[in-house]
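Step one of this worksheet: look at the structure below.
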Amino acid sequence: MSAIRTTCAYCGVGCGISGTPNGERDAEIMGDAEHPANFGRLCSKGTHLGETVSLEGRLLHPMIGNARASWDKALGLVARRFSEAIARHGPDSVAFYVSGQLLTEDYYVANKLMKGFIGSANIDTNSRLCMSSAVAGHIRAFGEDIVPAQYEDLEQADLVVLVGSNTAWCHPVLYQRIQAARAARGTKLVVIDPRRTETCEDADLHLPLRPGSDVALMNGLLAHCRRAGLVDEAFLAASVDVPEGFWDALEQGSDLWSTARTCDLAPADLKRFFELFAAHPRTVTLFSQGVNQSIRGTDQVNAIVNVHLATGRIGKPGAVPFSITGQPNAMGGREVGGLASTLAAHMDFLPENVARVARFWGTPHVAAKPGLKAVDLFRAVRDGRIKALWIMATNPAVSMPDAGMVREALAACPFVVVSDCIADTDTSALAHVRLPAAGWGEKDGTVTNSERRISRQRALFACPGDVRPDWWIITEVAARMGWKGAFHYARPADIYREHARLSTYQNGGTRLFDIGHHAAIGNGAYDAMEPWCWGGTPFADGRFPTPSGRARMIAVSQMELQAPLPNWPITLNTGRYRDQWHTMTRTGLSPKLARHRQEPLVELHPEDCAALGLADGDLARVATPQGESVFRVERTDTQRRGEAFVPIHWTDRQSTGGRAGLLPRTLVDPNSGQPGFKSTPARIEKLVTAWRGFLIARDGPGRIDALYATRVRLAAGWLVEFAGEGDVMAFAKRLLPQGERVEVTDAARGNARVAVMAHGRLAAAFYAARGGGLPDREWLIGQLTASEAAASAALLAGRPAAPPPDRGAIICACFDVGLKTISTAITDQALTSVEAVGAALAAGTNCGSCRPAIRRLIGEAEARAHG
Ligand SMILES: Nc1nc2c(c(=O)[nH]1)N[C@H]1C(S)=C(S)[C@@H](COP(=O)(O)OP(=O)(O)OC[C@H]3O[C@@H](n4cnc5c(=O)[nH]c(N)nc54)[C@H](O)[C@@H]3O)O[C@H]1N2
Ligand SMILES: Nc1nc2c(c(=O)[nH]1)N[C@H]1C(S)=C(S)[C@@H](COP(=O)(O)OP(=O)(O)OC[C@H]3O[C@@H](n4cnc5c(=O)[nH]c(N)nc54)[C@H](O)[C@@H]3O)O[C@H]1N2
Ligand code: SF4
Ligand SMILES: [Mo]
């Protein structure tokens, strides 16, 4: 087979991939050297996409309850239940909850069906949880949701400021582009994040601000710019409306000292940031969830945009505020209007827009007002106001705030449909109908990345089983609901052309989103489409898409930051790991990606650990008023005191515990409806268990009933970590497969070691103990693939006669290089650069995602050497 050019399945960087299918459901994955987003680079997740395309766990047939059904029957049932609810309770009694992981063509028809034909705007998307504050902020400032930046700006800037963005882990190829620019032209880098993430390694400055104090910081910066004479009065006069009293209000509490106090930063560091900003007119301020996922997210966005407008740092090369998107097609969703608060093609619900869209779609039923935003939508489901709900390409039972409430809502809803590629997710477990959707590698259509670049996704494989693309599923339901004529498309290109036509329909330059030159694109040209950006360099002419043509500064003030509550003294932050994607339905299939972080950790400052009696590796219960879950403790001075961080990835499918979604509250930003995921009052206590241990097994166990259990994939089996109470041998029996057993136990002490052999090879090994004293996992994991079984004594001891060196946690997923191997090499061979480590061990020389981690280890070794 020859290589097929497509786009990565994961983040909003939107890297081009060159994929070569080989054999059954396998593909060789390379970066597309020609794609302008990545020029051949890929991060660890993109690199290992090939490990996620098997049919394991796939939903291959429509399911009604637990019974397989034909498409005709399943589609008929969905259409009937939606139509009945609409007939009986009106259009607002049904809802869609969709996703930035749909392709633009899927998204367009979902939006058209709900807003144009059902006649309700109750279609919201997981982008509500992701960048709706950026959307609201852009609309307030610019009049339209326009991201004015492109990746090249990062290479033309003299200063890059990353606000609330762990770019090294979440947008790794962008981070690599920033690092390359720094090496080439000395671009300065400032990171603003309460945590010292790997993104901060090697930055010129890290400001570990108090969570939620970004408005104070940006207002302080703007006040400094004004004092330093950096306000671009000519630009303001020509292009920007400044509200009355703006500058007077800004001056309140915005001096260096007050700002430092509010943000809990050293005044000298803050001053350094202000001076760096003042000295480098070519500044890109890039931001993501640390800014958006706040109950003042929209104000935080406008505080950033204000600084850029006031200093004229917008619409120029290397000078721009840059909200980056999370999901591969978050931007495409914004273009079609998939949020409940927008209508279509960057139009809102003004009567003339509603009338225009109605004319275009040829329907009298266009929704006249915004619909329910995600949190309100699930509340309405819980309260019985939504009678039929269709969820596509998202896993809200895990990813919504107060996920416990969302589960109750789904369980109570009369009719829930889930379209997903995976058979069994926490959400689909609560569905009445499951529809098998095409996944990455099977889908065909377009996505738009963070810089407004539209790229093709192309199929590498045929759809397996009864699997169908989302656009097909949606249009078939629409046809069965009586709207066949309006949903008659033979292929994605038909939908894309219509989307392009709507963008230009009676536009007349009022909306910058206009891709009308593709309104008649031929099928061949669509198939061959090269990645391209719409919108050019927005605002370069000083004109903005508001009625007056002028941008707007928005007066925003820092919200009052509450002191910690006595019962909930910890501020809980949530976010991402480098090698997992959201709810792990796909990255969880990759043994290589599993190595980076094998368990969900709660990261806490050493002094908090001491106060709570927690040691590194202990288990801790993290509780909030919404719920609680168990995590493994990581003691780390990268956290501020009084703050904890947990990952969002673990679900009921992989673990008992580690469920971050149960913890955040449903408080949202009043302008955008985006939840404040990044800061929830919490408390943490040690979880004492009778025993804990691990299991290594060739075949994965099913559900594990223990106080805490997580399982991750190995190259040849599974690793399960657990802790629990009661009879440890009874627990072992439930987990272990049939076979020849050797064991040593001391049940009274909670100690148990059991090895199970099958066909002369190790099938499973179980180790539990009351305290520490567990063997190293590495050698045992290797025994699953060893051609000859080790002696029973060695298996029970959990180590060979001559132990191999301990590699430590895996840092480099591509070449399987561990932390201890790298640290030892740094010290023994006096390695002082990431390149030298690469030359010695190959670590960091493939995808480069681990380079920040290697840099940190070099820094730590240097710090040790200097005392
Ligand atoms: N590996 C990986 N990459 C991904 C994803 C994934 O699941 N895994 N998901 C993708 C998606 S959909 C998204 S939206 C992006 C998200 O990408 P990011 O926004 O980079 O990721 P997060 O880890 O959610 O949060 C970013 C940072 O915000 C910081 N933060 C918390 N509170 C505050 C605050 O008050 N102020 C400031 N300034 N910072 C704060 C957190 O400490 C955290 O380090 O990642 C995308 N890329
Ligand atoms: N506490 C906390 N919660 C958060 C966040 C946080 O930072 N903290 N971040 C929020 C953010 S920014 C986001 S974007 C969300 C993400 O949260 P989700 O969207 O819930 O996470 P995913 O695991 O990406 O879910 C995508 C689902 O769609 C399926 N799927 C993949 N491709 C397709 C397809 O083409 N068609 C169909 N029909 N299905 C498909 C996958 O198998 C998977 O089940 O989480 C949010 N939740
Ligand atoms: S940075 Fe990584 S996850 Fe994001 S698009 Fe590129 S390869 Fe995929
Ligand atoms: Mo996101």
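As the structure is a prediction and not an experimental result, all values here were calculated from the model. Side-chain atoms are counted along with the backbone in the values below, which use heavy atoms only and exclude waters and symmetry mates. In each ligand, atom 1 is the first atom listed, and ligand 1 is the first ligand listed.
Residues Lys373 and Asp124 are not paired through a salt bridge, judged by the lack of any N-O separation under 4.0 Å between the basic side chain and the carboxylate. A salt bridge links Arg407 with Asp652: the closest approach of a Lys/Arg side-chain nitrogen to an acidic carboxylate oxygen falls below 4.0 angstrom.
Atoms of ligand 3 lying under 4.0 Å from any heavy atom of Pro172, numbered from 1 in the order shown and given with element: 1 (S). Residue Tyr10 approaches ligand 3 through these ligand atoms, each under 4.0 Å from one of its heavy atoms: 3 (S). Each of the atoms 5 (S) of ligand 3 lies under 4.0 Å from some heavy atom of Gly14. In summary, the atoms of ligand 2 found under 4.0 Å from a heavy atom of Asp470, numbered by their order in the structure, are 34 (C), 35 (O), 36 (N), 37 (C), 38 (N). Residue-ligand proximity, Ile422 to ligand 2, at heavy-atom distances under 4.0 Å covers atoms 42 (O). Less than 4.0 angstrom separates some heavy atom of Pro664 from each of these atoms of ligand 2: 1 (N). Within ligand 3, the atoms closer than 4.0 Å to a non-hydrogen atom of Val173 are 1 (S), 6 (Fe), numbered from 1 in the order shown. Of all atoms in ligand 3, listed by their number and element, those nearer than 4.0 Å to a heavy atom of Lys45 are 3 (S).
In the candidate list Leu663, Asp420, Asn573, Asp420 is nearest to atom 43 (C) of ligand 2, counting heavy atoms. The closest heavy-atom contact to atom 40 (C) of ligand 2, among the options Cys170, Gly661, Ala438, Cys421, comes from Cys421. Heavy-atom proximity to atom 18 (P) of ligand 2, evaluated over Ile473, Leu103, Thr394, is greatest for Thr394. Of all the listed residues (Trp581, Tyr97, Phe677), Phe677 holds the heavy atom that lies closest to atom 3 (N) of ligand 2.
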When you look at Thr710 and Ser655, which way does the side chain to side chain donor-acceptor pair (under 3.5 Å) test go after all the steps?
CA-CA 4 Å; Thr710 61; Ser655 59; over 6 Å; no

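Using a 4.0 Å heavy-atom cutoff, Val398 is absent from the residues neighbouring ligand 2. Contact between Leu42 and ligand 3 is present, with at least one heavy atom of the residue lying under 4.0 Å from the ligand. Using a 4.0 Å cutoff on heavy atoms, Gly326 does not count as a contact of ligand 2. A heavy-atom separation below 4.0 Å is not found between Met131 and ligand 2.
For Tyr97 and Phe378, the ring centers sit closer than 6.0 Å to each other.
By the criterion of a heavy-atom distance under 4.0 Å, neither the backbone nor the side chain of Met400 is placed next to ligand 2. For Thr585, every heavy-atom contact with ligand 2 shorter than 4.0 Å involves the side chain, none the backbone. With a heavy-atom cut-off of 4.0 Å, Ala393 touches ligand 2 through backbone and side chain alike. Within the 4.0 Å heavy-atom criterion, the part of Cys8 lying near ligand 3 is the side chain and not the backbone. Using a 4.0 Å cut-off between heavy atoms, Ile648 contacts ligand 2 through its side chain alone, with no backbone atom that close. For Thr427, no heavy-atom contact with ligand 2 is shorter than 4.0 Å.
From the protein, the heavy atom lying nearest to atom 24 (O) of ligand 2 is Gln101 NE2, 2.8 Å. In this structure, atom 8 (N) of ligand 2 lies nearest to the protein heavy atom Thr574 OG1, 2.8 Å. Atom 47 (N) of ligand 2 has its closest protein heavy atom at Ser399 O, 2.7 Å. In terms of protein heavy-atom proximity, atom 11 (C) of ligand 2 is nearest to Arg576 NH2, 3.3 Å. Protein heavy atom at the shortest distance from atom 23 (O) of ligand 2 is Thr583 OG1, 2.6 Å. For atom 35 (O) of ligand 2, the nearest non-hydrogen atom of the protein is Lys443 NZ, 2.6 Å. Closest to atom 16 (C) of ligand 2, if we only count protein heavy atoms, is His582 ND1, 3.4 Å. Remark: minimum distance from atom 19 (O) of ligand 2 to any protein heavy atom is reached at Asn126 ND2, 2.8 Å.
Among His596, Gln580, His582, Glu51, the single residue meeting the side-chain hydrogen bond (donor to acceptor under 3.5 Å, both in side chains) criterion with Thr587 is Gln580.
Thr427 and Thr425 are not linked by any side-chain donor-acceptor pair at a separation below 3.5 angstrom, with hydrogens and angles left out of the test. Using modelled atom types and a 3.5 Å distance limit, the side chains of Trp169 and Thr197 yield no donor-acceptor pair. For the 3.5 Å distance criterion, the side chains of Ser323 and His138 fail to qualify, holding no donor opposite an acceptor.
The shortest N or O to N or O distance between Gln293 and ligand 2 is below 3.5 Å. Looking at Ala660 next to ligand 2, no N or O pair under 3.5 Å apart turns up. No N or O atom of Gln327 sits closer than 3.5 Å to an N or O atom of ligand 2.
Under 2.8 Å from atom 4 (Fe) of ligand 3 lies no N/O/S atom of Cys15, from backbone or side chain alike. Distance check for Cys43 against atom 2 (Fe) of ligand 3: an N/O/S atom falls below 2.8 Å.
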